[in-house]
Amino acid sequence: MMYRLAPVEGEWLDRDRPLDFTFEGEALRGYDGDTLSSALAGAGIMTMARSFKYHRARGLYSAAAHDANNLFQSGATPNLRGDSLPLRAGITFEAVNTMGGLRRDRGRWIERLAAFLPVGFYYKAAIGRRLFPRFERVVRRLSGLGRVQFDDVHVATAKRYASCDVAVIGSGIAGMNAALAAAANANVTLLEETPRLGGSGLWARAAEPDRCALARELAARVLQHPRITVITSACAVGYYSDHLIAVAETQRLTKLRARAVVIATGAIEQPAIFANNDLPGVLLASAAQRLVYRHAVAPGRRVCVLAGNRDGLEAALDMQTLGIEVALIIDLRPSPADDAELCAALRRADVRLVRDCTALAAVADARGCLTAIELAQPVGRLRIACDALLLSVGWMPTLQLALQAGATTTYDLDLQQLVPLQLPAGLFIAGRANGCYATAAKALDGSQAGSAAARHALRIEPSGERLADTANRSPGARSLADPYLIDADAAAPSGKSFVDLDEDLTANDLRNAMQEGFDSVELLKRYSTVGMGPSQGKLSNMNAARLLAARRDRGLGQLGLTTARPPYQPVSLALLAGRGFTPERRSSLDTLHDDRGAVWMPAGNWRRPEYYRRAGSTRAQCIEDEVLAVRNGVGIIDVGTLGKIEVRGPDAATLLERVYTGRYADMKNGSTRYALMLDDSGTVIDDGVVARIGAAHFYFTTTTSGSATVYRELLRQVAEQRYDCVLHNLTGHLAALNVAGPRARELLQVCTAADLTAAAFPYLAARQAQVLGEDALLLRVGFVGELGYEIHLPHAPSRKLWTALLEAGASVGVRPFGVEAQRILRLEKAHLIVGQDTDGLTNPFEANAGWAVRMDKPWFTGQRSLRILQQRGPRQQLVGFELATPNPYLKECHLVIDRDAIGGRITSIARSPTLQRQVGLALVSPALATLGSTLQLRGDDRRLTPATVVATPFYDPQQLRQRMPTELSSAA
Amino acid sequence: VQPEATLCLLREAPPARRIGIKGKAAAALLESRGIAVPDRPNSWLPCGVDASDDGRLLRLGFGEYLLECDTVSAAPTPLRAALGAAPADAYLLLRDDRSFLLQGDAAATLLAEVCNVDFGALDPAARPVVLTLMAGVAVSVIREAAGSARAQSGFRIWCDPSFGHYLWSVLRGVVEAGGGSVQKIIGEHNEVPT
C-alpha cells in the first residue's frame with residue numbers, strides 16, 4: 001500500500017499547506033505541491049481508475065501522464081490528467097468510465113465477455129449488419145472516458161505567439177546545458193513539462209548523488225540567465241514547419257516560433273509484459289522514483305523490482321535509501337557487466353537480487369491490488385509477497401516531436417532503442433533522446449547541441465539537413481533497453497498480459513491480429529487500435545513492435561514506425577479553441593439598424609439586416625411588407641457592404657477592360673455600366689457596376705463577399721502589366737444606401753438640391769452631388785427593378801442621411817428593407833447573384849449574361865476559355881421557373897430530377913409577394929431549358945413537384961419600372 | 001518567470017485628420033508642403049501640416065502614404081485643404097480607418113495573443129510600420145515613443161473601419177483579461193459600443 005513518507009530532501013511539497021479534497025465521495029488530504037495522483041497515493045488510495053474496455057482496476061503507473069490510467073472528472077471538466085494536474089484546495093473529483101462509482105463499478109462484468117470481444121471486434125461484428133444501429137447505441141453508452149457537458153460555461157482561454165532564437169524542449173541535464181550554451185549568443189526559451197527544472201536528475205539520486213546536485217546548480221544558473229526565458233508546466237505538443245511549436249500551458253496555448261530547436265526530452269520508461277501486469281501496485285520504476293523524491297510517497301511497504309538494466313538497480317537503491325523495504329530485485333539479465341559497484345551497494349543494504357529470472361504473473365488480493373508476484377527461475381517457480389512491483393526493463397527515447405519535425409530514426413542494436421538518424425535543418429537532439437545516458441555524456445551532448453543551435457539561429461554557421469550527432473552516445477555504459485521481450489502468456493495463461501493499457505489490448509490480441517494478416521506496424525495499429533488511446537502509444541508502441549518483430553523474425557529497425565502526429569500529449573479542447581477570432585464587418589449604419597429592429601444574418605464576413613422585425617408580424621409578413629413597400633412606394637437598404645473600389649490614372653480604363661468582360665474605355669463621364677468578372681477558365685466570379693467619374697477616374701462596385709478578392713486581383717494586374725494607375729479600396733471607408741421604389745426620387749429630393757429629373761439624371765447615370773451638405777456619389781441603378789438611387793458617401797453623413805430619409809419618408813410609408821426582401825425583389829427581376837445563381841463552373845452564356853461579354857475586345861481575362869466554351873455549347877443553363885402549386889419544402893440547392901437522374905439544381909426560389917406565386921431560378925441541363933418544359937423538383941418532403949420553365953424576368957418584363965415616365969415617353 | 005501583465009490603456013486614438021496619398025508624385029506633393037517623407041517603405045516619421053500638429057506620416061509602399069494629424073486646435077486645418085491641389089500622378093484618398101492606441105509595459109505581451117509579430121522586438125528608433133494580420137484583420141501598426149509633450153508612447157493600430165467593432169472587442173477582451181484598463185474616446189462617427 002502506498003503511503004506518505006517523512007519529509008524527503010528536495011520534495012515539492014509544502015507541508016505547511018495541507019489541502020483537503022474529495023475523491024469518489026471520500027474526504028482526503030494532500031499537500032500543496034501534490035498532483036491529483038500523488039495526493040491519492042499519499043492518502044493510501046491504490047485503485048484510482050477503471051480501464052477503458054474491461055473496467056479493470058488500475059492505479060498509478062507512470063506518474064508522468066505517459067499512461068491514461070489516471071484520468072479524472074471534476075464537475076463539468078472531463079479527463080483531467082491526474083499525473084500532472086496540481087492539487088488544489090477543495091477540489092472534488094472522481095474516476096472516469098465507471099458505472100456506479102469506482103469501487104462498485106457495474107462495468108466489471110464486461111471482462112467476463114472478453115472471449116466474445118476479440119481484436120477487430122467492431123469490424124467483425126458490426127459493420128454492415130442490420131442490427132448495427134442498435135448495437136452502436138449500446139457500445140457508445142458503454143465506452144468513452146469523461147462526460148462532456150455541452151451546457152457548461154465556455155471559458156475563453158488565451159492563445160499567444162512567442163518567438164526566440166533557440167527553443168530548448170526539456171530541462172534535464174542535457175536540456176539545461178543546451179540552454180546555457182545557446183544563451184551565450186542567442187535568446188533562448190526553455191520549455192519544461194513539470195513545474196520544476198531538473199528532469200530525471202532530481203529523481204534518480206541514490207546511485208549518483210552528484211547528478212542531483214548538478215541538476216540543481218544548472219537550474220539555478222538557467223533561472224538567473226538574462227537570455228533564457230523559462231516556461232514551466234508547459235508541454236510542447238506539436239512541431240510544425242519552420243520550427244513552429246505548439247506549447248500547451250495550464251491556461252493557454254502558445255505558438256512558439258524558433259530559429260533553431262534543441263529537443264532534450266529524455267526517454268520514456270517501458271513496461272514489461274506478463275500476466276496481470278496492470279494491477280494497482282505494478283508501476284514503472286521511474287514512477288516510483290518520481291513519487292518518492294517529488295511527493296514523498298512510497299510506492300508500497302514491501303517492493304520488488306523487475307530490472308532489465310542498471311536503472312532498475314538504481315531505483316531499488318533509491319527505495320532502500322528512503323527506508324522502503326526492497327524484498328527482491330529480479331534481474332532479467334544473466335550477467336551484467338557494469339553493475340558491480342551498484343550490486344555491492346545493494347548487498348551492503350541487504351537487498352536480495354536474483355538473476356536470469358522472469359516475472360510470470362502478478363497476483364491480486366481481494367481488492368484487486370497487487371499482493372504477490374510469481375517468478376520463473378532456472379530452478380523453478382517462486383512466489384514473492386509484495387505490494388509494489390517496480391518495472392525497469394527499458395526505455396524509448398521521446399522522439400515524437402522530432403519525428404513530427406521530419407527527423408528519421410534507426411534502431412541501435414547496442415542501445416537496443418531507436419535513435420535519431422537524419423535531422424532537418426535547425427533541429428538538434430541531445431541527451432537520452434539522442435542515446436546518451438551517462439551524466440557527463442548528457443551534459444556534453446546538450447552543450448554541443450545548444451551551441452550548434454545558436455550558431456544556426458544566428459546564421460553564424462547555418463546547418464542543412466544532416467545526420468544526428470553520435471559522438472556522445474554511450475552504448476553499454478548505462479541504461480540499455482532490455483532486448484528481451486518479457487511475455488509470459490504461455491506460462492501463466494490465467495491472467496491477461498497487457499500491451500496497451502489505454503485500449504485494454506493484450507499480447508494475445510496483437511498475436512491474433514497478426515495471425516489474421518495485419519502484420520505491419522500500420523495495419524496492426526489500425527486493426528487493433530494499439531497506440532490509439534489518449535497516451536498515443538508511449539507505453540505500448542515499442543512492445544507491440546517487439547511482438548511484431550518476433551513474429552516476423554525481423555529486426556525492429558526493419559519494421560518502421562507509425563506516423564507521429566500532434567499532439568504529443570492530450571490537449572484540452574478549451575486550449576485548442578482559445579479565443580474565437582472570427583472577423584466580422586459592420587457597416588456604419590449598424591446601430592441604426594438595431595434601432596429599427598434588424599434581425600441579423602451573415603453575408604460574407606459582414607453582418608447585415610435580414611429583415612426588420614415589426615410587432616405582431618411574422619418573419620414572412622415582415623419580408624413581404626418590405627417587398628411591397630419597394631414595389632408600391634419607397635424603401636431604403638444599406639448597401640455599404642458592397643465592394644467599392646476607386647481606380648485613377650491614365651491606364652484606369654485599360655485595367656478595367658482587361659479584368660471585366662465589357663467595354664469601359666468608351667464610357668462617358670457620369671455614366672455607369674454593368675461589369676462581369678471571369679477567371680481564366682471563363683467562370684463567372686464577380687459582378688458589379690462601373691461608374692466613370694473622369695477621364696482617368698473610375699469608381700466601381702463588387703459583390704459583398706468578393707471585394708477583397710477582386711481588389712487583390714486588380715493589384716496583381718496593375719503590378720504585372722505595369723499599368724500607370726492607382727487603386728484604392730474604399731469598401732470599408734464609404735457607406736452606401738439604395739433608395740428604391742416609385743417614390744424614390746421624391747424622397748431623395750428632400751435631402752439634395754441636385755437635379756434628379758430624368759433629363760438631368762437619366763437611368764444608369766452617375767452624378768457627384770451634395771447630399772445633406774456633404775459630397776456624395778449618386779448612381780441611378782435598378783437592381784431591385786424599380787426607380788432607384790445608390791448614394792455613396794462617407795460614414796458620418798451616411799448616418800444623418802439614413803435618419804433623414806426615414807423621417808422624411810414616414811408620410812409616404814418608407815420602409816427600410818433587408819437582404820431577404822432584396823433577394824426576392826431581384827429574383828422577381830431574375831437578376832443574377834454571382835455565387836448563388838452560378839457555381840464554380842458557370843460561364844456567362846450559361847448564366848444568361850452573354851450580353852455583358854464583348855468577345856470582340858482584344859483581350860480580357862477568361863476570353864480564350866470562353867471561345868472554347870462557346871464552341872462546346874453549354875453544360876448547364878440558368879432558367880426561370882414557376883410553380884402552379886406552391887411547395888414550401890422547396891429550397892435553394894434542392895435537385896431537379898430528370899428521369900431518375902440529377903438534371904440540375906434550384907439556385908433561387910421564393911414566393912413572390914408581387915406576383916402572388918412561387919418562382920425561382922435553376923441551373924439545369926440544356927435539354928431541360930426549353931421554355932414551357934416541366935422540371936421535377938425534389939424538396940425536403942422527398943416528393944417531386946412539377947414546375948414550368950418560363951421566360952424571365954418574372955416581373956416587369958418590359959423593364960419599364962426602373963425608368964421615369966418622361967424617360968419612357970422620350971424613348972418611345 | 002513569465003512577465004506579469006501590467007496596466008494597459010486601450011482606446012481609440014483622438015479624432016484625427018487622416019488622408020491617404022498615392023501615386024508616383026505623392027512624395028513630391030508631401031515634400032512640397034514641407035512634410036519630410038520616410039526614405040523607405042514600411043517606415044514612418046513624425047510630422048504635421050501645422051506648427052501645432054502632432055502627427056505622423058506612414059510610408060506604406062513605394063508610392064503610398066498615410067498622413068494623420070491629431071486634432072489639437074478647435075478648428076484644425078483639413079488635410080485635404082492643407083495639401084492643396086494634387087498634381088497629376090498624386091491622388092488624395094479617403095481614409096476613415098479605425099485607430100487604437102495600446103499602451104503600457106505589457107502592451108507587446110498582450111499583442112502576442114492576437115498577432116504573430118514580435119512587437120516587443122520592434123526598435124522604436126527605426127520607426128518601422130508593420131503591415132500584418134491581427135486577430136484575422138489586416139492592420140498597420142507603429143510603435144510610438146514618447147517624444148513631444150503630446151505624443152503618447154505605445155502601439156498605434158489602424159484597421160478598416162468595418163472591422164473596428166470586432167477588433168475593438170478582441171483587444172478589449174485581451175487587455176481586460178490581462179489586468180489592464182480600457183478607456184475609449186468616441187469620435188463623431190466612431191461607433192464603438194460598450
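None of the values given here were measured: they were computed from a predicted structure. Convention: sequence-line order gives letters A, B, ...; per-chain numbering from 1.
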**Message:** Which one wins on heavy-atom pair count under 4.5 Å against chain B: A:K159, A:E646, A:E584, A:R648?
**Reply:** A:R648

**Item:** Top contributor to chain B contacts, counting heavy-atom pairs under 4.5 Å, from A:V726, A:T254, A:T641, A:T731
**Value:** A:V726

**Message:** Under a 3.5 Å cutoff, is there a donor and acceptor pairing between the side chains of B:D97 and B:S99?
**Reply:** no

**Message:** Parallel, tilted or perpendicular, judged at 30° and 60°: which one describes the rings of A:Y699 and A:H792?
**Reply:** perpendicular

**Message:** Does the structure place the NZ or CZ of A:R607 under 6.0 Å from the centre of the six-membered ring of A:W600, at an angle of no more than 45° from the ring's axis?
**Reply:** yes

**Prompt:** Heavy atoms, side chains only, cut-off 4.5 Å: are A:F581 and B:Y166 in contact?
**Reply:** yes

Is [X] in contact with chain B via its backbone, its side chain, both, or neither, using a 4.5 Å heavy-atom distance?
X: A:D724; value: side chain
X: A:T582; value: backbone
X: A:D590; value: neither

**Item:** Greatest number of heavy atom pairs closer than 4.5 Å to chain A - which of B:G20, B:G23, B:C115, B:G136
**Value:** B:C115

**Message:** Quick check for you: among B:A138, B:G120, B:A135, which has the greatest number of heavy-atom pairs under 4.5 Å with chain A?
**Reply:** B:A135

**Prompt:** Is the backbone of A:L180 close enough, under 3.5 Å, to the side chain of A:H225 for a donor and an acceptor to pair up by distance?
**Reply:** no

**Prompt:** Which bit of B:V174 is near chain A, if near means a heavy-atom gap under 4.5 Å: side chain, backbone, both or neither?
**Reply:** both

**Asked** Knowing that exactly one of A:R579, A:K255, A:R160 qualifies, which makes a salt bridge (charged side-chain N to carboxylate O under 4.0 Å, His left out) with B:E113?
**Response** A:R579

